[in-house]
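Report on the following structure.
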Amino acid sequence: MRPTPRAPRWGRRFRDLRHRTAQTILAVAAVGAAVALPVVLLSVGGGVFQHELATIRQSGFEISITTTADHGISDAHALSAEIDRIAGVAAASPILSVAVDLFAPGQGATPVLAEGIVPDAFLATQSAADRSLLPSSIALGDPADTVHYANGSYTGPESRELLLSTALAGTLGIANGSMATLAPTANASAGVGFTVEGTFGLPPSLLGPSALYVVLVPLSDLQTLTGYALGPSGQLLDSADTIQVSVNASLAADPSAIARIAHEIEPLVPYYSVSSQTQTAASLASAAAVLTGFYLGLSSVGLIVGFIFLTIILFRRVEQDRRSIGIRRAIGVSGWMIGRGIAAEALALTGAGLVAGMSGGILVVVLLARYGSSSVAAIARDAVFDPVTLGLLAVALGVLGLVAALLPTRRALALSIPEALR
């Protein structure tokens, strides 16, 4: 019986090379997929945190007074005046936000968000970026909103003036000096006519990316229109949603001074929440730390799977190279040199996977920022690829690559030289 002819040596080498190339591609892909997940999570999560922190630090007020109930702050005018008298306070700005309907001349109802404000105080508690989008002085009748309020009687004359967001004015084609009706419902006959005194820009950081249809009106006028001035029996409501408090410029960077002012405000509002921007920033940092831990825990699962696969590939290569390893050990090559070669191969595969994973993660974030839905794109655009974070990730992957090389190295050194040379 004739023996089966052996495949040409070059054919076997080609098959071995092709198999080894496939192993390399699979190992790099496994490590790259494991790396891409933490790159996306950490860059997007860290970017959102930095964006929110910057928004807090750049706001024009340092202390806010809120309550859980809608329009739940009572006696807002008098309370703001009392806060104004605290040493170090620059302005206390009560704000009431209510959804109403606007009727432009010859047009139907347009739902808008009405912001009831005290003009001077509102302007004083806005950030520099937001003030650049507002008129230099908000011309809404009484700058302190005390004439119509009339010490809680609401018997003074109303100014009935408003400012429109540029988006709303452009859509409805309303010019300065025009009349527009605001109504608490879609019934124009229940509304009140207001004179348009101007427009203002509206960045996403001011009232949210979807709140484009906004009007600014005097606080007392909006309270009267919506029933939040006086109750059914004539009792004083004077409702607001929040009071923003700015401190003197000399104290704005002093956390202890801000904490002192917040502490003095607390007895005036025992049933409301008083928070400073420093407290908010600290809470945000704590939440970000928890989320980062969750991201790392979630990413570790993928990393473990990726490096188990890398270990298997290295084991397979040790088996493929067992004859070469046996020859090198037979001629006196030390175990240290053999182990170093396996570790170098592990680091090379890890490095290639790291480059592929980081590139893939960055590409995913860029594509989401460009082609994702509006909310997803807005979040993706805040992503920050921090070199320190990515550097630490690279170091951690290098350590994991060396760990992945330990068991294959042990296997290589445990090979019997006579069996390996057969």
Side-chain angles (χ1 to χ4, degrees), residues 60 70-71 76-77 93-127 130-145 147-149 154 157-229 238-244:
D70 291 337
H71 325 309
H77 283 86
S93 172
I95 299 175
L96 173 65
S97 301
V98 185
V100 299
D101 287 290
L102 183 145
F103 297 84
Q107 302 184 45
T110 301
V112 300
L113 177 66
E115 293 275 297
I117 63 171
V118 175
D120 280 356
F122 179 77
L123 195 59
T125 54
Q126 299 304 298
S127 68
D130 292 340
R131 280 198 299 273
S132 67
L133 299 169
L134 293 166
S136 56
S137 63
I138 300 180
L140 293 177
D142 177 17
D145 194 39
V147 175
H148 174 222
Y149 172 68
Y154 289 89
E158 297 183 55
S159 65
R160 294 191 180 179
E161 296 172 337
L162 61 78
L163 298 180
L164 297 172
S165 66
T166 50
L168 180 58
T171 300
L172 300 181
I174 301 177
N176 292 354
S178 301
M179 292 296 296
T181 299
L182 292 183
T185 65
N187 181 7
S189 62
V192 175
F194 284 77
T195 303
V196 177
E197 293 295 332
T199 61
F200 61 93
L202 187 64
S205 61
L206 187 61
L207 294 169
S210 62
L212 297 177
Y213 287 179
V214 184
V215 298
L216 298 181
V217 298
L219 174 60
S220 59
D221 288 9
L222 182 61
Q223 290 172 330
T224 302
L225 175 69
T226 55
Y228 292 113
D238 189 13
S239 300
D241 291 296
T242 183
I243 298 178
Q244 299 173 348

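By the side chain to side chain donor-acceptor pair (under 3.5 Å) test, T110 is found to be paired with no residue, residues two or more places apart in sequence or in another chain being considered. Partners of Y154 under the ring-ring contact (aromatic ring centres under 6.0 Å, His included) rule, at least two apart in sequence or in another chain, are H148, Y149. E161 pairs by the side-chain contact (heavy atoms from CB on, under 4.5 Å) definition with L140, S159, E197, not counting sequence neighbours. Partners of S239 by side-chain contact (heavy atoms from CB on, under 4.5 Å), not counting sequence neighbours, listed by chain and number: H71, Y228, L237. Judged as a side chain to side chain donor-acceptor pair (under 3.5 Å), and not counting sequence neighbours, the contacts of D142 are T146. By the side-chain contact (heavy atoms from CB on, under 4.5 Å) test, P135 pairs with L163, F200, sequence neighbours left out.
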* May I have the step-by-step check of side chain to side chain contact (heavy atoms under 4.5 Å, CB included) for I117 and L222, ending in yes or no? => CA-CA 9 Å; I117 63 171; L222 182 61; over 6 Å; no
* To do: Could you please spell out the steps behind the side-chain hydrogen bond (donor to acceptor under 3.5 Å, both in side chains) verdict for S93 and Q244?
  => CA-CA 5 Å; S93 172; Q244 299 173 348; 4.9 Å; no
* Asked: Run the side chain to side chain contact (heavy atoms under 4.5 Å, CB included) check on Y213 and L164 step by step: do they pass?
  -> CA-CA 8 Å; Y213 287 179; L164 297 172; over 6 Å; no
* Asked: Hey, mind stepping through L216 and L134 against side chain to side chain contact (heavy atoms under 4.5 Å, CB included) and telling me if it holds?
  -> CA-CA 11 Å; L216 298 181; L134 293 166; 4.2 Å; yes
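Using a 4.5 Å heavy-atom threshold, the side chains of Q126 and F122 count as touching. Put simply, the side chain of L162 reaches to within 4.5 Å of the side chain of L182, judged on heavy atoms. Contact of the I174 side chain with the L102 side chain is registered, since non-hydrogen atoms from C-beta on lie closer than 4.5 Å. T226 is listed as a side-chain neighbour of V100, based on a closest heavy-atom distance under 4.5 Å. Under the 4.5 Å side-chain criterion, counting only non-hydrogen atoms from C-beta, S97 is in contact with L113. Considering only heavy atoms from C-beta on, T195 stays 4.5 Å or farther from R160 through its side chain. Residues L96 and E115 have side chains not in contact (no heavy-atom distance under 4.5 Å, counting atoms from C-beta outward).
Residue pairs meeting the side-chain hydrogen bond (donor to acceptor under 3.5 Å, both in side chains) criterion with at least one member in residues 181-191, sequence neighbours excluded, are N187-S189.
Note that CD of E158 and CG of D221 are 4.5 Å apart. Values are rounded to the nearest 0.5 Å. Taking OG from S165 and CG from L133, the interatomic distance works out to 11.5 Å, rounded to the nearest 0.5 Å.
Scanning both residues, A169 and T199, for their nearest heavy atoms gives CB-CG2, 3.8 Å. When all heavy atoms of A240 and P94 are compared, the pair lying nearest together is CB-CB, 4.4 Å. Contact detail for A180 and V196: the closest heavy-atom pair is CB-CG2, 4.4 Å. P119 approaches I138 most closely through the heavy-atom pair CB-O, 3.8 Å.
Not one N or O on the side chain of D145 forms a donor-acceptor pair closer than 3.5 Å with the backbone of V118.
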